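Below is one structure, written out as C-alpha cells; the observations come after it.
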Amino acid sequence: MEDKIQPQVEKYSHIENSKKQNRLKAFNAFLLVIIVLLAVALVIFTTLLTTITVDGKSMFPTLVDGDRLILLKRGYKLERGDLIVFNRQGRNNVKRIIGLEGDVIKFDKENMVWIINDEPYVEEYVEGGYSDNYFISSPSQLFDEGVTIGPGQLFVLGDNRNISDGKVSIDSHIYGALDEATIIGKVIKIY
C-alpha cells in the first residue's frame, strides 16, 4: 500500500487574529457610542427636562390624577394657553397661562367669560361652567377695572372651574399674578 501523502495545510493565524481584533474594535466602538448617547441623554434630561405626576382635580378634564407630564425646564417661550408647573408655598402646581405681562384681565360675571385686553377669551377646555363659590375669595377689582399683570408675572388658572365638594382651584383668581421666577417648567408632553 502506498502511503498517501497528506497535503500540508498552512494556518494563517495572523488573519484569524486580525478578524477577531476587528470584531472586538467594532464592538468597543459600538459600546462607546451607546455610553456616550446615554451620558448625553442623562445630561439633557437632568438639565433641560423633568417629569412630574399630576395630583388633584384642578386641571380636569385636561389632566387627571396620575397623568405624567414632561416639562421643559429652560429655553421655552411662554404663551397664553400654555400649561406650566410652578412651586407655590412648597408645593408644585400645574395651571394654564391666561394672562401675560402687561395684560389687563377681568371677569365678566354677566356673560361668564374672562376678558383679556378688552376682548373675550374663549376657553374650550373648560367644562361644566363655574361653581357657585368659585369667586368668593376673588378681589373685587377682578370684576370692575380688572387686574394688570406686572413685569415678570403671569395670570394662571386651573381648567376645572367647577370642582365638587365646594373646593375651587387655588390660582390667580384668588392670589393674583404669579411670579415667573417660581416656574419649574413648561409642559411639553402629557402621558
Side-chain angles (χ1 to χ4, degrees), residues 41-107 109 112-114 116 121 123-143 146-191:
L42 182 65
V43 168
I44 288 172
F45 193 76
T46 58
T47 60
L48 293 178
L49 302 172
T50 191
T51 62
I52 193 166
T53 302
V54 174
D55 177 24
K57 300 176 184 178
S58 72
M59 289 300 294
F60 183 81
T62 307
L63 302 173
V64 297
D65 272 339
D67 278 353
R68 304 244 332 138
L69 310 175
I70 297 177
L71 310 178
L72 183 60
K73 296 193 312 188
R74 43 186 102 201
Y76 51 78
K77 181 178 190 269
L78 296 175
E79 298 178 3
R80 191 177 334 279
D82 286 345
L83 299 180
I84 59 167
V85 175
F86 58 94
N87 188 289
R88 183 168 186 280
Q89 298 180 338
R91 185 164 186 239
N92 291 341
N93 297 271
V94 59
K95 304 292 181 204
R96 185 180 301 275
I97 297 172
I98 300 299
L100 303 166
E101 181 178 314
D103 285 346
V104 177
I105 310 250
K106 65 182 177 178
F107 191 79
K109 278 189 171 182
M112 299 302 282
V113 65
W114 288 96
I116 302 175
Y121 183 64
E123 300 177 285
E124 297 172 0
Y125 43 82
V126 174
E127 291 183 2
Y130 290 81
S131 64
D132 293 337
N133 61 339
Y134 186 79
F135 291 106
I136 288 175
S137 300
S138 297
S140 62
Q141 71 186 46
L142 197 56
F143 311 107
V147 176
T148 301
I149 309 306
Q153 294 185 322
L154 302 166
F155 194 87
V156 298
L157 297 174
D159 288 357
N160 190 353
R161 313 291 163 76
N162 195 8
I163 299 176
S164 60
D165 303 332
K167 297 178 182 178
V168 297
S169 179
I170 307 299
D171 52 34
S172 291
H173 88 281
I174 293 175
Y175 57 71
L178 171 76
D179 287 330
E180 286 187 32
T182 64
I183 296 174
I184 296 168
K186 175 180 173 177
V187 176
I188 59 171
K189 177 79 174 155
I190 302 166
Y191 64 99

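Throughout, residue positions are numbered sequentially from 1 according to the sequence presented. As the structure is a computational prediction, the values presented were derived from the model and not from experiment.
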Distance col, row Ile84:CD1 vs Tyr76:OH, nearest 0.5 angstrom, shows 7.5 Å
Taking distance alone, no hydrogens or angles, what donor-acceptor pairs closer than 3.5 Å link side-chain atoms of residues 181-191 to residues at least two apart or in another chain?
from	atom 1	to	atom 2	distance (Å)
Thr182	OG1	Asp179	O	2.7
Lys186	NZ	Lys77	O	2.9
Lys186	NZ	Asp82	OD2	3.2

How would you list all residue pairs meeting salt bridge (charged side-chain N to carboxylate O under 4.0 Å, His left out) that involve residues 86-102, not counting sequence neighbours?
Arg96-Asp159
Asp67: side-chain hydrogen bond (donor to acceptor under 3.5 Å, both in side chains) partners, not counting sequence neighbours
none
Asp103 side chain vs Ile116 backbone, donor-acceptor pair below 3.5 Å
no
Please find the pair of heavy atoms, one from Val156 and one from Tyr175, that lie closest to each other, and give the distance.
CG2-OH, 3.9 Å
Distance col, row Leu83:CG vs Tyr125:OH, nearest 0.5 angstrom, shows 8.5 Å
Interatomic distance, Asn162 atom CG to Phe60 atom CZ [nearest 0.5 angstrom]
11.0 Å
Quick check for you: to the nearest 0.5 Å, what is the distance between Ile98 atom CD1 and Ser172 atom OG?
9.0 Å
Extract all donor-acceptor atom pairs below 3.5 Å that involve side chains of residues 49-56 and protein atoms in other chains or at least two apart in sequence.
from	atom 1	to	atom 2	distance (Å)
Thr51	OG1	Arg68	NH2	3.0
Thr53	OG1	Arg68	NH1	2.6

List in chain and number order the residues that pass salt bridge (Lys or Arg N to Asp or Glu O under 4.0 Å) with Glu123, two or more places apart in sequence or in another chain; answer none if no residue qualifies.
Arg161
I'd like to check Val168 versus Ser131 (side-chain heavy atoms, cut-off strictly below 4.5 Å). Are they in contact?
yes
State the OG-CG distance between Ser58 and Leu157, to the nearest 0.5 angstrom.
10.0 Å
Sorted by chain and number, sequence neighbours left out, side-chain hydrogen bond (donor to acceptor under 3.5 Å, both in side chains) with Asp65 holds for none
Would you mind writing out the side-chain donor-acceptor pairs for residues 135-142 within the sub-3.5 Å range, not counting sequence neighbours?
from	atom 1	to	atom 2	distance (Å)
Ser138	OG	His173	O	2.8

Looking only at the aromatic ring of each residue, does the gap between the centers of Phe107 and Tyr130 stay below 6.0 angstrom?
yes
Non-neighbouring partners of Val104 that pass side chain to side chain contact (heavy atoms under 4.5 Å, CB included), sequence neighbours left out
Asn117, Thr148
